[in-house]
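Report on the following structure.
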Number of protein chains: 2
Amino acid sequence: MQSFTEENYLKTIYYLATRQEGEVTTNALAEMTATRAASVTDMLRKLADKQLIHYKKYQGVRLTEEGERLALQIIRRHRLWEVFLVEKLGFGWDEVHDIAEELEHVRSEELVTRLDTYLGYPQFDPHGDPIPTPAGQMPETGYRKLSEAGPGDSIRLMGVLEHSTAFLQHLDRCNLTLGCLVTIAEINAFDKSVLVQIESGRPVFVSHEVAKNLLVN
Amino acid sequence: MQSFTEENYLKTIYYLATRQEGEVTTNALAEMTATRAASVTDMLRKLADKQLIHYKKYQGVRLTEEGERLALQIIRRHRLWEVFLVEKLGFGWDEVHDIAEELEHVRSEELVTRLDTYLGYPQFDPHGDPIPTPAGQMPETGYRKLSEAGPGDSIRLMGVLEHSTAFLQHLDRCNLTLGCLVTIAEINAFDKSVLVQIESGRPVFVSHEVAKNLLVN
DNA sequence: ATAAAAATTTAGACTAGTCTAAATTTTTAG
DNA sequence: CTAAAAATTTAGACTAGTCTAAATTTTTAT
């Protein structure tokens, strides 16, 4: 049985591993968990002792199979709770991250199973992230970033890579909601900002920074 | 902001204070929290420093107004989550205590408010316990124990004082459900066990130990 | 190739919450 | 009333998770 803290490290290692090549570094973990590198090192030794990560001093870290299974279990809980908060309690998609961050640590298999059933076995959370299966598989989506699309492409907004309140509220103000169909009118040569034509709406400018955090297909 | 542990102490002090006269003792707290008396003493000093309890060495303990407000807030959360688990997720009333014990510590006013609305502002939890108001008042019920009723009394089963799985499953097996109307047929002079006639059912024997944990009106 | 910079680890310390054993205070029984 | 029992507190120690400062290893830039 893992502690609250250990669970957060596993989740963070998983998250960072999907966003970069190779091993996850101590400093990256320190930044994400808002602790100091020395503290991370201590925890890595502990997780390695428990066989949840592969760890060689100075060489970064990688989840073991068991570690990944646990990480996906926590991510599954997090995303199911987010669906609950938005679908059932009426929270905005920009308000649920921190609450789900706490709910995900409630330990009960039965609870997660029943919640999943209650929600109708959702495939995606309110940010378009796929919900891992009960068996611990992360569904493949095949989405790419909006920043990688070209002029003329007609695409659908499927997810976001950034979950901060500020970012999500910005999308709300731009009328960019998940599932909406957009066409890329133009990509600015200077700052790579994207002019998108939203289905039944007026065109909006999306900065390159924002485009890199939007998932489409 | 209180820690998980502090919240549990406050809740336990409240619970014990309602079940006995005068101050709550160190030993009683140690037993309830499954820790040693020495650990309780340490925590009491800490809670006293924070002005959440009145505490004089060797003299037992009592919640301050602020301490009681916090205790009731936690109990409110606990009971609302129990309603959710039973009403929405379909858990049995004997399965929800431990899960609610974890959910009650999730820190979000907004979450509790929305949950309350979602559940339709319930007045009682699945065990018949009244749900404290948002303002921090514990509703009065005026229930008495079944063990205090007399032969011939016609009463309604309104709540339980014991939340263990074993106890609740025993009630299920006896067909004693909350809200059911019973008549006291006889009280055994030797062991004080109670023979109750359940509305539209066969009579059942209830031991004095059980009768002391049933609330009626 | 090697020195400086960056990243990481080690050493030693701190807090929250817990424990055991010993000391102290209160209660109880004769 | 007083001695024994019970309850409580103190003293000192331990674990989990964190920190700072110093030491070590790896990477980078000449």
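A note on names: the letters A, B, ... follow the listed sequences, proteins ahead of strands, and every chain is numbered from 1.
A salt bridge links Glu104(A) to Lys11(A): at least one charged side-chain nitrogen sits closer than 4.0 Å to a carboxylate oxygen. Of the charged side-chain nitrogens involved, none lies within less than 4.0 Å of a carboxylate oxygen, so that Arg79(A) and Asp116(A) do not count as a salt-bridged pair. Ion pairing between Arg144(A) and Asp153(A) holds under the 4.0 Å rule for side-chain N and carboxylate O. A salt bridge does not link Arg69(B) to Glu65(B): none of the charged nitrogens lies less than 4.0 Å from a carboxylate oxygen. Comment: Arg36(B) does not engage Glu31(B) in a salt bridge, judged by the lack of any side-chain N to carboxylate O separation of less than 4.0 angstrom.
For the pair Asn8(B) CG and dA16(C) C1', the computed distance is 14 Å after rounding to whole Å. Here the P atom of nucleotide dT18(C) and the CG atom of Leu44(B) are 11 Å apart, to the nearest Å. Whole-Å rounding puts the Gln2(B) CD to dA16(C) P distance at 14 Å. Nucleotide dT27(C) holds its P atom 13 Å from the CG atom of Asn27(B), rounded to whole Å. As rounded to whole Å, 12 Å separates atom C1' of dT8(D) from atom CG of Leu29(B). Going from atom CZ of Arg45(A) over to atom P of dT18(D) covers 14 Å, rounded to whole Å. To the nearest angstrom, P of dA16(D) lies 16 Å from CD of Glu7(A). The interatomic distance linking Lys56(B) (NZ) with dT9(D) (P) rounds to 13 Å, in whole Å.
Put simply, the side chain of Leu119(A) reaches to within 4.5 Å of the side chain of Lys88(A), judged on heavy atoms. The shortest distance between side-chain heavy atoms of Ile53(B) and Ile13(B) falls below 4.5 Å.
Note on Thr5(A): only backbone sugar-phosphate atoms sit closer than 4.0 angstrom, heavy atoms only; bases stay farther off. Within 4.0 Å (heavy atoms only), Tyr9(A) reaches sugar-phosphate atoms of the nucleic acid but no base atom. Nucleic acid contact class of Tyr55(A) (heavy atoms, under 4.0 Å, all strands): sugar-phosphate only.
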Interface polar pairs with nucleotides 19-23 of chain C, N/O, under 3.5 angstrom:
residue: dC19(C); atom: OP2; partner: Arg36(B); partner atom: N; Å: 2.9
residue: dC19(C); atom: OP2; partner: Ser39(B); partner atom: OG; Å: 2.6

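Comparing atom distances between the Gln59(B) side chain and each of dT26(C), dT8(D), dT8(C) picks out dT26(C) as nearest.
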| task | Apply the test side chain to side chain donor-acceptor pair (under 3.5 Å) to residues Tyr15(A) and Arg19(A): give CA-CA distance (whole Å), side-chain angles for both, the deciding distance (0.1 Å), then the verdict. | result | CA-CA 7 Å; Tyr15(A) 176 84; Arg19(A) 267 164 183 65; 3.1 Å; yes
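Where Phe4(A) and Lys57(A) each meet DNA chain D at their nearest nucleotide, the meeting point lying more 5' is that of Phe4(A).
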| According to the Watson-Crick and G-U wobble definition with distances under 3.5 Å, which dot-bracket string, read 5' to 3', encodes DNA chain D, using [ ] for crossing pairs and | for pairs with another strand? | ||||||||||||||||||||||||||||||
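Regarding contacts with the backbone of dT10(D), every side-chain N or O of Thr41(B) stays at 4.0 angstrom or more from both OP1 and OP2.
Cation-pi geometry between Arg62(B) and Tyr55(B) is not met at under 6.0 angstrom from the ring centre and within 45 degrees of the axis.
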